[in-house]
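Working notes, beginning with the structure itself.
The sequence lines fix the lettering, A, B, ..., with proteins before strands; numbering per chain opens at 1. Not measured: the values here are computed from a predicted model.
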Amino acid sequence: MLDLQYIRENAEVVKSAIINKATGTPDLVDHVLELDELWRKITTELQNVQTAANAEAKKIGELMKSGQKEQAQSAIAESSRLKAALKDLEEGQRTAALSLDAALLEIPNVPHPSVPIGKVPSDNVVAFEHGVFPAFSFQPVPHWDILEKHDLVDFDRGSKVAGAGFPFYKGPGARFQRALINFFLDQAIGSGYLEIQAPLVVNEDSARGTGQLPDKEDLMYEAVRDGLYLIPTAEVPVTNLHRDEILSESDLPIKYCAYTPCFRREAGSYGKDVRGLNRLHQFDKIELVHFVRPEDSYEALEELRAHAEDLLQKLGLPYRRLLMCTGDMGFTQAKKYDLEVWSAGQERWLEVSSISNFETFQARRMKIRYRSKSEARPQIVHTINGSGLALPRIVAALLENNQQEDGSITIPPALRSYFGSETLISS
RNA sequence: GGAGGGGUGGCAGAGCCCGGCUGAAUGCACCGGUCUUGAAAACCGGCAUACGUUUGCGCGUAUCGUGGGUUCGAAUCCCACCCCCUCCGCCA
């Protein structure tokens with residue numbers, strides 16, 4: 001959610017943002033400004049009447065005390081008349097506020113000036129590439145063949161027990177996951193993050209706070225009876241951790257890392273995009289979250305990005321960093337990077353991390369503020385988050401890139417102590 | 001599941017029975033100052049949030065879990081809902 005005053009003062013900027021993000025019509029801005037004006041008009045009038053009513057009530061108290069009953073009676077009559085007027089104004093204000101809030105929620109975050117303007121994925125800028133593609137003396141196979149050969153993941157029984165996209169990981173497959181989780185967490189802790197174990201369900205307020213509601217409810221599994229949502233990412237509970245709080249400036253920056261399973265309905269996908277581990281309804285991810293002062297947020301974005309890239313480098317995975325264009329970056333982000341690893345068996349890039357600066361967009365909804373020494377009022381923090389990292393596609397890329405002619409898989413040195421051996425072979 | 005207690009400012013905690021003098025005592029934290037070589041202590045002053053309005057000082061409105069009601073007037077009385085805590089039971 002953007003600051004209303006900002007929209008008033010920067011209407012054209014916000015309109016361009018809507019156009020560049022292709023997320024609605026710029027008329028929304030005018031609509032918001034009209035509703036804002038209406039709301040303010042009603043509010044001013046309402047407050048004037050309230051002032052009169054308050055004065056009258058106070059007068060009555062004094063008259064009663066001094067025994068001037070007659071004057072008190074006429075004041076009571078006047079007060080009753082004001083009260084009737086208040087009712088209509090209050091109703092009008094409420095209606096105006098609801099419309100205004102609803103319209104405001106339709107306005108996307110404004111992209112940072114450094115974000116390229118574009119509409120489609122091909123407009124994203126490849127900002128960085130690292131590593132070399134692995135060379136093979138044989139034809140490398142996609143990871144689903146490897147998973148089957150070594151019996152690492154059981155998709156069919158997962159389908160039976162839960163549904164498509166809910167696999168069982170078995171033996172070395174499960175162990176490999178656990179190794180990655182521990183490796184990622186230890187790396188994050190070493191970089192100064194505080195480890196968090198978060199609830200895997202959140203309430204409606206939390207889902208709204210990070211922007212999953214109102215319009216992305218199809219993304220989430222819902223426990224209707226209890227009004228809870230299964231988290232689509234740890235970003236939701238971890239960012240909401242400080243909802244409705246005023247932090248002290250000395251608390252910042254706050255950096256959390258959290259491992260959680262993530263649940264996504266992801267309706268409407270098909271084909272090779274969802275083959276194997278490429279896209280699942282439940283997957284594991286380590287999420288990194290920063291709460292920072294506004295002036296520090298772009299530095300923090302690069303810092304978090306570097307932490308995520310460091311993991312890929314330590315795993316020896318060739319990857320590239322995309323700077324997402326306005327049309328492909330999402331509603332709530334001000335700037336976003338995607339990290340993609342090269343998957344040699346499928347010969348394609350797989351997205352494994354998405355790193356974004358939300359500026360005040362999330363924090364304003366959640367009322368996460370801090371007391372600043374230089375400002376009289378509490379300031380809204382900036383939030384930044386990114387995956388560090390999402391497991392399934394990392395598993396896919398590691399299996400595909402490190403496969404050997406004899407069918408075994410070489411484990412990257414950084415993971416060996418976690419996995420317990422140098423190679424993965426059939427048990 | 002049974003019984004009881006409670007939700008007040010950054011935190012702790014009065015006020016509620018007996019409605020107006022309470023946007024709210026007091027303490028802590030925090031900020032500024034005096035003192036000090038410096039710090040601590042002591043002392044003095046400031047300090048809820050949001051919105052509206054104003055060039056500004058300021059003024060106004062709302063907010064004591066949420067929503068509704070009674071009343072000229074509600075933190076305070078009534079109703080509903082949400083949440084938390086304690087004890088007992090059950091259980092990993």
Distance between P atoms of B:C30 and B:G19 (Å, rounded)
40 Å

How far does OG of A:S387 sit from CD of A:E351, to the nearest 0.5 angstrom?
7.5 Å

Touch class at under 4.0 angstrom, heavy-atom based, for A:N48 against every strand present:
nothing

Test side chain to side chain contact (heavy atoms under 4.5 Å, CB included) applied to A:R178 - qualifying residues, sequence neighbours left out
A:R175, A:N182

Give me the distance, rounded to whole Å, that separates B:U61 from B:G5 when you measure between the P atoms they each carry.
38 Å

Sorted by chain and residue number, the salt bridge (charged side-chain N to carboxylate O under 4.0 Å, His left out) partners of A:K314 (sequence neighbours excluded) come out as A:D310

Using a heavy-atom distance cut-off of less than 4.0 Å, which residues of residues 85-97 of chain A contact RNA chain B?
A:R94

If I pick the P atom on B:C84 and the same atom on B:G32, what distance separates them, to the nearest angstrom?
39 Å

Which whole number of Å gives the distance between the C1' atom of B:G89 and that of B:G2?
8 Å

Taking atom types as modelled, is there a side-chain donor on A:T43 or A:Q93 under 3.5 Å from an acceptor on the other?
yes

At under 4.0 Å between heavy atoms, what does A:Q50 touch on the DNA or RNA strands: base, sugar-phosphate, or nothing?
sugar-phosphate

Hey, can you tell me if A:Y193 and A:H290 have their rings parallel, tilted or perpendicular (30° and 60° cut-offs)?
tilted

Would you list the pairs meeting ring-ring contact (aromatic ring centres under 6.0 Å, His included) in which at least one residue belongs to residues 91-118 of chain A, sequence neighbours left out?
A:H112-A:Y298

Assert: residue with more 5' nearest nucleotide on RNA chain B, out of A:L46 and A:I76, is A:L46

For B:A48 versus B:C43, give the span between their C1' atoms, rounded off to a whole number of Å.
26 Å

Residues A:K41 and A:E37 bridged, charged N to O under 4.0 Å
no

B:G20 and B:C77, which share atom name C1', separated by this distance in whole Å
14 Å

Just call it for A:I246: base, sugar-phosphate, or nothing, with non-hydrogen atoms closer than 4.0 Å on any strand.
sugar-phosphate

Under a 3.5 Å threshold, yes or no: a donor from one side chain and an acceptor from the other, between A:Y418 and A:D186?
yes

Are side-chain N/O atoms of A:E245 and A:H242 paired as donor and acceptor at under 3.5 Å?
yes

Leading and trailing nucleotides of RNA chain B with any atom under 4.0 Å from heavy atoms of chain A:
B:G10 to B:G73

A:E303 CD to A:S297 OG distance, which is reported to the nearest 0.5 Å:
12.0 Å

Pairwise 5' ranking along RNA chain B for A:S80 and A:T43, keeping only the more 5' one:
A:T43

Using the P atoms only, state how far B:C85 lies from B:U8, rounded to an integer number of Å.
14 Å

Between A:N48 and A:T51, a side-chain donor and acceptor under 3.5 Å:
no

Helical stems, RNA chain B - three or more consecutive Watson-Crick or G-U wobble pairs below 3.5 Å
B:1-7 with B:82-88, B:10-12 with B:26-28, B:30-34 with B:42-46, B:48-53 with B:58-63, B:65-69 with B:77-81

May I ask you to check whether A:K285 and A:T233 show a side-chain donor-acceptor distance below 3.5 Å?
yes

P atoms of B:C44 and B:G52, separation to the nearest Å
39 Å

